[in-house]
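On a predicted model such as this, the values are computed, not experimentally measured, just so you know. So you know, we letter chains A, B, ... as the sequences are listed, proteins then strands, and number each from 1.
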Amino acid sequence: MVWQSGTEFWSMGGYGLYVWGSFGVTGLGVALEVWLLRRGQRSLLNRLQRMQRWEAQ
Amino acid sequence: MRFPVILHEHLFSNPWLMQLSAHDLTCQRGDRLLFSGLQMDLQAGQLLLVQGGNGRGKTSFLRLLSGLSQPEAGEVRWNGESIDRVRETYQQSMVYLAHANGVKDDLTPVENVQIYAGLRGQKRVPAEIEPVLVRMGLAACLDLPARVLSFGQRRRVALAGLLVSGALLWILDEPLTGLDVRGVAEVETLLREHVQAGGMVVMTTHQPLRLQGVDTVMLQIGPVMQVDGSVSAPANEAA
Amino acid sequence: MRFPVILHEHLFSNPWLMQLSAHDLTCQRGDRLLFSGLQMDLQAGQLLLVQGGNGRGKTSFLRLLSGLSQPEAGEVRWNGESIDRVRETYQQSMVYLAHANGVKDDLTPVENVQIYAGLRGQKRVPAEIEPVLVRMGLAACLDLPARVLSFGQRRRVALAGLLVSGALLWILDEPLTGLDVRGVAEVETLLREHVQAGGMVVMTTHQPLRLQGVDTVMLQIGPVMQVDGSVSAPANEAA
Amino acid sequence: MNLYHYAAPATFYRLAGRWTPWFAWGAGLLTGIGLYISFFVAPTDFQQGEAYRIIFIHVPAAWMSMFIYLVMAFWCAIGLAFNTRLSFLMARALAPTGALFCFLALWTGALWGKPMWGAWWVWDARLTSQLILLFLYVGIMALWAAIDDPKRGDRAGALLILVGAVNVPIIYFSVKWWNTLHQGSSINLTKAPSMATIMLVGMLVMAIAAWLYTIAVALVRVRGLILERERHTDWAQEAMKALKEA
Amino acid sequence: MWRFLLTVIRRDLLLAARRKGDWLTSQFFFVMVVSMFPLGIGADPEQLRRVAGGVLWVAALLASLLSLQRLYADDHRDGSLEQMLLSPQPALILALGKAIAHWLIFGLPLLVIAPLLGLQFALPPDAIGTLVIALAIGTPVLSLLGGVGAALTLGLRGGGTLLTLLILPLYVPALIFGAGAVDGVLAGLGAEAQLSLLGAFMGLCLLLAPWVTGAALRVSVD
Amino acid sequence: MWRFLLTVIRRDLLLAARRKGDWLTSQFFFVMVVSMFPLGIGADPEQLRRVAGGVLWVAALLASLLSLQRLYADDHRDGSLEQMLLSPQPALILALGKAIAHWLIFGLPLLVIAPLLGLQFALPPDAIGTLVIALAIGTPVLSLLGGVGAALTLGLRGGGTLLTLLILPLYVPALIFGAGAVDGVLAGLGAEAQLSLLGAFMGLCLLLAPWVTGAALRVSVD
Ligand code: HEM
Ligand SMILES: Nc1ncnc2c1ncn2[C@@H]1O[C@H](COP(=O)(O)OP(=O)(O)OP(=O)(O)O)[C@@H](O)[C@H]1O
Ligand SMILES: Nc1ncnc2c1ncn2[C@@H]1O[C@H](COP(=O)(O)OP(=O)(O)OP(=O)(O)O)[C@@H](O)[C@H]1O
Ligand SMILES: [Mg+2]
Ligand SMILES: [Mg+2]
């Protein structure tokens with residue numbers, strides 16, 4: 001095991017800001033993309049249905 | 001004063017053999033199906049009048065015919081061959097007048113027409129062009145920049161361009177917009193002369209046209225419209 | 001379906017007292033004198049039909065009336081006062097439809113009309129606007145960007161803008177361009193309703209108009225034109 | 001095997017739906033393993049301290065951003081040559097993820113650079129060409145966003161991507177050249193001197209995870225695009241019904 | 001009058017929102033011009049820091065020019081400018097509304113991006129702070145003065161380039177004070193004097209520019 | 001085909017001549033951007049000389065962008081682009097003709113002005129010579145690549161700024177080799193290598209760009 005304690009893990013030898021900044025933003029970016037994707041899917045479905053109903057008229 | 005229309009001076013041994021046809025054309029704009037399965041056949045010496053209400057797809061159809069846009073399905077043929085394959089010959093024999101005039105604001109009518117001919121590979125000197133412009137009623141504006149011309153006068157410049165092209169097939173999208181009564185009469189004469197000399201015309205208009213003696217084919221896009229608001233069934237559309 | 005035209009909802013205690021007149025108007029464009037000494041007088045409940053061939057100066061005249069350009073000599077008066085002096089009241093009661101539609105390509109018809117009204121200081125919710133657009137035959141295009149509309153449909157959006165404005169005086173430069181037969185009939189109805197309700201209209205067109213029952217005044221700019229090409233003497237022009 | 005069969009939208013839509021979960025779960029699993037290696041297995045670097053752990057994101061992100069662009073260019077070339085609509089959709093589906101990785105490479109690089117070089121940013125060849133790649137991605141997506149007509153968007157975007165694909169290597173070498181000519185190596189992009197095998201393994205695991213993630217996301221996106229384009233067809237209507245029930 | 005002003009602003013914001021991403025491109029242009037410079041002049045951080053203020057300001061001017069070209073031109077072409085001028089409110093209000101909308105779309109995002117670019121050029125934090133303040137005071141000047149130029153060149157052949165020609169000289173004071181403020185901080189001289197001059201210039205523009213723009217618009221549609 | 005190519009070129013030159021002074025404004029823009037810099041970054045001659053190559057090249061890129069916005073846009077709007085595409089010649093020739101005309105109008109005058117500006121920045125004569133040669137090789141690249149961007153963004157919302165976004169990154173090699181050549185001379189390293197790379201890049205563009213532009217034009221009017 002590399003880490004002796006939780007605090008040591010979070011401080012990353014003084015580089016915590018940089019390391020967690022990198023991993024954090026990466027996580028955020030991926031989460032954002034997945035979220036946008038899901039929302040996009042849902043709104044696409046709604047839009048398609050609306051258009052279908054409209055075309056049926 | 002009448003000047004002869006300069007007609008198919010080029011290439012064609014016999015214009016009477018030419019033929020334009022559309023096979024199963026489908027046109028979709030955005031998510032809207034404008035028409036599908038449209039058939040059309042036009043011989044030399046005929047005029048095709050495309051009819052339909054606003055937004056039914058007349059302009060879209062003419063753009064397909066001219067090759068500017070590609071159909072969703074089906075194809076347009078010139079003498080039996082897809083226009084994509086014979087693009088060069090086809091475009092040599094065809095002119096297209098759109099809603100927009102294609103007139104450069106900074107050039108005079110004469111220069112506009114001259115360049116129009118040049119782009120089609122023809123050399124025209126002003127002396128050849130001026131009579132045509134005079135015939136189109138622009139005698140007083142020969143050396144004004146097109147910018148200052150009136151709405152109808154700009155349309156006339158575009159029409160003059162067609163005339164000097166000597167093309168066999170004219171595709172005209174509402175050529176009468178903005179023309180005064182005399183301009184309309186002049187265009188009617190032009191159409192008659194062109195078709196009777198073996199030319200072909202595809203055109204749209206919302207105004208009444210007097211085309212006595214012209215072999216006219218009708219093509220309805222979308223439902224037929226009566227003024228009282230009733231709508232009859234589509235004619236050429238396999239909806 | 002018919003929806004009432006929203007007419008002069010505002011300010012005017014009695015629209016029937018309004019009057020638009022032109023006094024000794026002279027218009028020069030470049031080195032060309034289009035007309036001079038032109039007189040005109042229009043009362044509420046009248047329609048002024050401005051006639052003349054292409055490039056005679058109809059558009060130039062309407063722009064003078066609307067205050068967009070300044071005459072070389074003479075003046076335009078609204079209720080007896082120069083429109084330069086009463087610009088605000090005048091513009092409140094007037095709408096002007098030019099050759100260009102003033103329709104924003106990126107907005108939907110509803111938004112276009114809404115903004116048009118907003119610029120005139122009026123708040124309109126979509127529910128008020130949609131019926132007007134439907135009346136103008138745009139039911140199927142309410143939420144398309146205007147960019148994809150056809151030529152005639154864009155003109156219809158501009159006309160709908162006029163309708164919701166509720167203005168008393170309409171200045172219309174060829175309102176019929178690009179409209180199909182049903183659109184023309186619709187505009188005729190609108191004009192009739194508007195004038196008969198005490199509105200005023202100044203308009204040009206090259207197409208025949210059926211205006212039975214409308215108090216119509218004619219104004220000829222330039223020589224009268226016959227289709228056979230003969231030209232009769234100018235009517236209102238002191239050339 | 002008939003390739004055209006798989007290129008048919010309906011078939012591909014169904015296949016993509018079947019594959020997506022596998023890729024997604026694979027990505028999740030490998031990310032877990034990769035993160036475990038990055039933080040709990042890989043030892044501290046004797047030169048850079050703990051800051052070097054950024055490498056486990058930085059390098060996969062940088063790789064992906066470049067690779068995705070190449071894949072897009074490949075699909076566009078196929079699309080233009082054979083007029084297969086599906087290929088353009090693939091390019092469209094990949095671009096946002098490519099841009100994301102490009103941004104992440106820049107971001108993590110900047111965060112790495114501050115402790116290592118004392119500057120968030122230097123105008124080094126790699127960094128600069130990465131920045132330009134981001135500009136290209138953004139340009140492509142802006143072009144797509146500006147064109148409503150899907151067919152026109154497909155082709156215009158494809159032309160731009162191909163022009164970019166010719167240009168990116170030229171840009172890279174030109175920047176590299178420019179940099180080496182101008183300044184002495186006051187700052188070097190030094191690799192960790194001896195990359196321990198375990199670091200390499202961690203990076204590879206993360207890179208594969210990024211791959212699987214990209215594929216999963218792109219498949220979902222391409223399914224949406226297919227559905228949108230084909231919604232007039234019968235199968236698409238049925239698929240929509242099925243989706244609504246789910 | 002308020003309804004009119006608000007409609008003008010809301011209209012332009014709506015148009016910007018509708019053209020997805022379009023409004024962002026002028027910010028991207030800013031970023032890109034700034035990033036081009038190191039490629040042109042070399043990567044020496046010391047040298048970059050010294051030119052940073054000037055480069056950022058010049059890029060801001062250019063970006064504003066680019067977006068200004070379409071401030072009135074689009075409306076003019078499709079006839080909606082005439083319609084706006086025919087509305088019952090004075091043209092002054094129209095000009096003010098358009099300038100405000102332009103600043104919201106163009107200037108505000110610039111304030112957010114500028115610090116990041118400052119970092120790329122290795123500017124110290126206090127210089128970055130000054131840069132942002134200077135931009136906050138200076139970008140309204142760009143929108144206001146730019147409106148004058150856009151109105152004057154409306155519908156002229158070559159309007160876009162002519163605009164540049166007319167406007168860039170007028171921008172000079174903003175450029176000098178703005179870039180000067182940043183350089184002042186870098187040189188340890190402080191930036192108050194430059195910033196207050198910039199503020200005074202902004203006030204002057206706010207008073208005069210809408211009025212001139214309105215008049216120019218009337219002339220342009222005649 | 002020659003008649004067509006010549007007509008296209010002659011047409012654009014005629015249009016430029018007719019809009020008196022308009023074509024010169026993009027040169028003026030160039031001059032002005034370059035002159036703005038000393039205002040922004042201070043007047044130290046040593047520093048100015050060092051940034052001169054980069055500043056001149058960046059200004060040339062920006063000036064070309066400005067003029068490119070209207071390369072096809074005007075023709076598209078008034079319908080004459082469609083007419084040109086409907087002429088019997090391939091769109092490739094059209095694109096080539098437009099690029100040549102653009103270079104004659106934009107690039108050629110630049111070659112005349114650039115030495116004067118070089119003097120302003122206290123460049124030595126040999127550096128100025130290299131600058132002119134580099135511009136002579138590099139400006140056709142700007143016209144050719146720019147044509148691709150102009151064709152792709154035709155008629156789009158925010159075409160002008162979008163064009164910038166698409167094209168500036170592609171210009172990077174021209175910028176680097178061009179500015180590098182000048183700096184190479186200043187540093188006493190010679191410029192042959194940079195110039196020949198620039199030449200190779202130009203050749204590549206000449207081969208590919210008209211083709212892509214033609215395809216893009218067809219796509220854009222569809
Ligand atoms: C914003 C800043 C940065 C950017 C845009 C960037 C970009 C890149 C790119 C594009 C690669 C992939 C290159 C390849 O595979 O050939 C890469 C790899 C790498 N980068 Fe960065 N980088 C940045 C900062 C840094 C910093 C600060 C360090 C370390 C001090 C670093 C260390 C590495 C290492 C070790 C690799 C792996 C090299 C290899 O596998 O060949 N990078 N970076
Ligand atoms: N992206 C889109 N989404 C939905 N509908 C569209 C889209 N693009 C075009 N359309 C519709 O396609 C039609 C195009 O019509 P077109 O211009 O061919 O009509 P037209 O018959 O020439 O009409 P007009 O007589 O007014 O000139 C319009 O009804 C328009 O609303
Ligand atoms: N600078 C100028 N020099 C000479 N003549 C000019 C100049 N500017 C405009 N004209 C002329 O003034 C007239 C303007 O006409 P206007 O646009 O008012 O005509 P109109 O009656 O509306 O015609 P249309 O029916 O075609 O719309 C045109 O004949 C034009 O040639
Ligand atoms: Mg039409
Ligand atoms: Mg008129």
> Quick check for you: to the nearest 0.5 Å, what is the distance between F:L204 atom CG and D:I170 atom CD1?
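CD1 of D:I170 is found 5.0 Å from CG of F:L204.
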> So which part of F:I167 gets closer than 4.5 Å to some heavy atom of chain D, the side chain, the backbone, both or neither?
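Neither; nothing under 4.5 Å.
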> Rounded to the nearest 0.5 Å, how far apart are CG of D:L159 and OG of F:S220?
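The distance works out to 9.0 Å.
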> Before giving the answer on side chain to side chain contact (heavy atoms under 4.5 Å, CB included), spell out for D:N167 and F:F201 the whole-Å C-alpha distance, their side-chain angles and the decisive distance to 0.1 Å.
CA-CA 10 Å; D:N167 241 307; F:F201 188 54; 3.6 Å; yes
> For the residue pair F:V219 and D:A156, what are the closest heavy atoms and their distance?
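Residues F:V219 and D:A156, closest heavy atoms: CG1-N, 4.0 Å.
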> Need one label for F:L154: side chain, backbone, both or neither, based on atoms under 4.5 Å from any heavy atom in chain D.
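Contact with chain D involves both backbone and side-chain atoms of F:L154.
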> Among F:L145, F:L152, F:V172, single out the residue with the greatest number of heavy-atom pairs under 4.5 Å to chain D.
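The option with the most such pairs is F:L152.
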> OH/F:Y171 to CD1/D:I132 distance, rounded to the nearest 0.5 angstrom?
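Atom-to-atom, F:Y171:OH and D:I132:CD1 are 14.5 Å apart.
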> Can you confirm whether F:R218 is buried at CZ, in the sense that more than 12 heavy atoms of other residues, nucleotides or ligands lie under 6.0 Å from that atom?
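Enclosed: over 12 neighbouring heavy atoms sit under 6.0 Å from CZ of F:R218.
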> Does F:W211 have more than 12 heavy atoms from other residues, nucleotides or ligands lying within 6.0 Å of its CH2?
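Not more than 12 within 6.0 Å, no.
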> With a 4.5 angstrom heavy-atom cut-off, which part of D:V168 approaches chain F: side chain, backbone, both or neither?
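No part of it gets close to chain F.
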> With a 4.5 angstrom heavy-atom cut-off, is it the side chain or the backbone of F:L175 that approaches chain D, or both, or neither?
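Neither the backbone nor the side chain of F:L175 comes within 4.5 Å of chain D.
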> Could you state the interatomic distance from CG (F:L170) to CG (D:L136), rounded to the nearest 0.5 Å?
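Here the rounded value is 6.0 Å.
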> Can you find a pair of side-chain heavy atoms, one from D:L160 and one from F:L166, that are under 4.5 Å apart?
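Contact flag for D:L160/F:L166 side chains = yes.
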> Which pair of heavy atoms, one from F:L156 and one from D:A146, lies closest together, and at what distance?
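Closest heavy-atom pair between F:L156 and D:A146: CD2-O, 3.7 Å.
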> Please name the pair of heavy atoms, one in F:P169 and one in D:I171, separated by the smallest distance, quoted to 0.1 Å.
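Scanning both residues completely, I find the closest heavy atoms to be O-CD1, 3.4 Å.
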